There are 2 protein chains.
Amino acid sequence: MQVMENFNHPCGKCAFYGESVWQPVADGAVSVLTRSFVRKDLEVGQVLFDQGSTNRGVFCVSRGLIALRTHHADGSSTLMRLAYPGEIIGLRAFLRDGAHQTEARALLGSRVCTVARRDANHIVQGNPAVLTRLALRCVEEVDTNHERIIGAATTSNKQRLTGLLLRLMENHGERIGGQLRMQLPLSRRDLADLLGVQPETLSRLVGRLKKEGFFSFAGREVGIPAQSLSAGVRS
Amino acid sequence: MQVMENFNHPCGKCAFYGESVWQPVADGAVSVLTRSFVRKDLEVGQVLFDQGSTNRGVFCVSRGLIALRTHHADGSSTLMRLAYPGEIIGLRAFLRDGAHQTEARALLGSRVCTVARRDANHIVQGNPAVLTRLALRCVEEVDTNHERIIGAATTSNKQRLTGLLLRLMENHGERIGGQLRMQLPLSRRDLADLLGVQPETLSRLVGRLKKEGFFSFAGREVGIPAQSLSAGVRS
DNA sequence: TCGTGTCATTGACGATCGTCAATTTATCCG
DNA sequence: CGGATAAATTGACGATCGTCAATGACACGA
């Protein structure tokens, strides 16, 4: 097997770096598909892909700055993430085989390395190490500051505590006498850690929820009145 | 190629579900390594792995509840994440080939499905689709509520804004007359979105940072005095 | 039973945040 | 240049949060 062309990769930072896409031609030789890694320059404000688009490929930012923005039904929009050089865009849509959940737009003059969906699949199937790099990149992006910033305080602490308690009840709650209740496996301190607040603040959040009647607390026990379960979550 | 044993997988939820680990024996037949997926039961409080441990494998929670906790140098600890049934633990250490950053301990009587590192590598190299599932699972966990909860308000908004500005300067700032400065490609509204606060609050955060002198703002321009750069970030 | 230590709650106070409103500044276009 | 529109800032006020401190509840061992 012989590679006929030494491909000049447009991006030295992305997870596909060093990979080539080839197809067999004859006599065991292969032809490199040079159009697999398409260098694409974006002007300020130019859209890389639209929200809801199914043109699934994987993009990695070579330089510049890309904003991933979600447009809501009421016409407003929220900036969800910034993609800095070296980061990957569209991985979720690629892996899920679904539509993009955000619009990607250049905030600065930018260059991205585009890997078409078919070619990305080709690479990934031929070399699992690439997918390992993709998955690792994905894990690492979770740790970056701006990822943690996202969605931090958009919902109130009361809502977040409610969500956490409901999730716990959902997994481990028991029906006892018309109530869904459970023994909380977490200390107040642990709950406070998860919400990122002080234990005293958490205690007051618990107190407010108790007073509003949707949750009942007895020490480390928490319960939900059965009739409330179908009524949904209060604000 | 013939699989000699139909392996009974202990966990119907994890990303490895449906996969078998086999090795060739003779005549093109393969032997399933039944010990690849080890069902492990944990009592309340039992430790699955310690922080800093390099016993890298991939675990998926079959039932129960696992707490991932980081221990700090001063003896305190912080609950970083809860792993519910169906979720994966240790993926980061596995992909990075590094040590676990957290201690994993059962909060309830739990069962996990253990895939040894060697076997996980074996599966992943033999079937890229598994790694796709792993990566997808990783992407999806970012979206879950409790992942968003983590690290939300642990650092003050002022610190988070400082980190965001520094990251932007780092990537796109220019040295102009003893100052590192840049044209902010984001509106105030965008900055507020990223921090999860209201635009008015962001305006006041900017104002405080400006008054403290570490950053200078002029409309959409932001700068850092050169002498401050080596001094580090103020609180 | 009685300490004792840990955890949870409550109070007080200053700081910050969300909301509404008004004002100032910036930007765009004729 | 001037006017219109949008963006950013500032003020005011009530609600919430962080911090320090005190109190109450609970488990555990002597």
Side-chain angles (χ1 to χ4, degrees), chain A residues 44-45 67 69 74-79 107 149 151-165 168 182-212 215-223 234-235, chain B residues 44-45 67 69 74-79 107 149-165 182-212 215-223 234-235:
Chain A
V44 174
R69 193 183 303 267
D74 65 356
S76 65
S77 65
T78 306
L79 181 55
L107 288 176
I149 287 169
T154 51
T155 56
S156 77
N157 286 332
K158 195 162 73 171
Q159 284 175 314
R160 297 194 297 151
L161 174 58
T162 301
L164 177 57
L165 290 173
L168 285 166
M182 75 175 297
Q183 190 86 13
L184 273 177
L186 303 169
S187 68
R188 296 289 196 256
R189 173 60 200 263
D190 286 342
L191 291 172
D193 279 347
L194 288 176
L195 294 181
V197 298
Q198 297 308 113
E200 299 93 330
T201 300
L202 183 105
S203 188
R204 293 185 177 105
L205 289 173
V206 167
R208 269 178 251 159
L209 250 48
K210 194 196 296 187
K211 194 164 61 183
E212 293 175 6
F215 285 102
S216 65
F217 294 84
R220 282 199 178 181
E221 282 235 343
V222 61
R234 292 189 195 178
S235 64
Chain B
V44 175
R69 193 183 302 268
D74 64 357
S76 65
S77 65
T78 306
L79 181 55
L107 288 177
I149 286 168
I150 295 169
T154 51
T155 55
S156 77
N157 286 333
K158 196 161 73 170
Q159 283 175 314
R160 297 194 296 150
L161 174 58
T162 301
L164 177 57
L165 291 173
M182 75 174 298
Q183 190 87 13
L184 272 178
L186 304 168
S187 68
R188 296 289 197 256
R189 172 61 199 264
D190 286 341
L191 291 173
D193 279 347
L194 287 176
L195 294 180
V197 297
Q198 298 308 114
E200 298 95 329
T201 300
L202 182 103
S203 187
R204 294 185 176 105
L205 289 174
V206 167
R208 269 178 251 159
L209 250 48
K210 193 196 297 188
K211 194 162 61 181
E212 292 175 6
F215 285 99
S216 64
F217 294 84
R220 282 199 177 179
E221 282 236 341
V222 60
R234 291 190 193 176
S235 65

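Just so it is clear, the model here is predicted, and its values are computed rather than measured. In what follows, every heavy atom counts, from backbone to side chain, and hydrogens, waters and symmetry copies are set aside. In the text below, chain A, chain B and the rest are named by the order of the sequence lines, each starting its count at 1.
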Starting at atom [atom1] of [X], determine the distance to atom [atom2] of [N], rounded to an integer number of angstrom.
{"X": "Leu191(A)", "N": "dC17(D)", "atom1": "CG", "atom2": "C1'", "value": "17 Å"}
{"X": "Gln198(B)", "N": "dA21(C)", "atom1": "CD", "atom2": "C1'", "value": "15 Å"}
{"X": "Glu221(A)", "N": "dC7(C)", "atom1": "CD", "atom2": "C1'", "value": "17 Å"}
{"X": "Leu205(B)", "N": "dC17(C)", "atom1": "CG", "atom2": "C1'", "value": "9 Å"}
{"X": "Leu202(A)", "N": "dG18(D)", "atom1": "CG", "atom2": "P", "value": "10 Å"}

Atom pairs, N/O to N/O, protein against nucleotides 4-8 of chain D, distance under 3.5 Å?
from: dA8(D); atom 1: OP1; to: Arg188(B); atom 2: N; distance (Å): 3.2

So Leu209(A) and Val206(A), do their side chains get closer than 4.5 Å, heavy atoms only? no
I need the [X] [atom1] to [Y] [atom2] distance, nearest 0.5 Å.
{"X": "Arg204(B)", "Y": "Gln198(B)", "atom1": "CZ", "atom2": "CD", "result": "11.0 Å"}
{"X": "Asp190(B)", "Y": "Leu164(B)", "atom1": "CG", "atom2": "CG", "result": "10.5 Å"}
{"X": "Leu107(B)", "Y": "Ser187(A)", "atom1": "CG", "atom2": "OG", "result": "9.0 Å"}
{"X": "Leu191(B)", "Y": "Leu165(B)", "atom1": "CG", "atom2": "CG", "result": "6.5 Å"}

More than 12 heavy atoms of other residues, nucleotides or ligands under 6.0 Å from CZ of Arg188(A): yes or no?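 Enclosed.
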If only atom types and distance count, is the side chain of Thr162(A) paired as donor or acceptor with the main-chain N or O of Lys158(A) below 3.5 Å? yes
Could you write out each protein N or O paired with an N or O of nucleotides 12-15 of chain C at a distance under 3.5 Å?
from: dA12(C); atom 1: N6; to: Arg204(A); atom 2: NH2; distance (Å): 3.0

Select one nucleotide: of dT19(C), dT19(D), dG18(D), the one nearest the side-chain heavy atoms of Glu200(B).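 Of the candidates, dT19(C) comes closest.
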Using five pairs at either end of the helix from dT1(C)-dA30(D) to dG30(C)-dC1(D), determine the angle between the two local helix axes and round it to 10 degrees.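 Comparing the first five pairs with the last five, the axes sit 30° apart.
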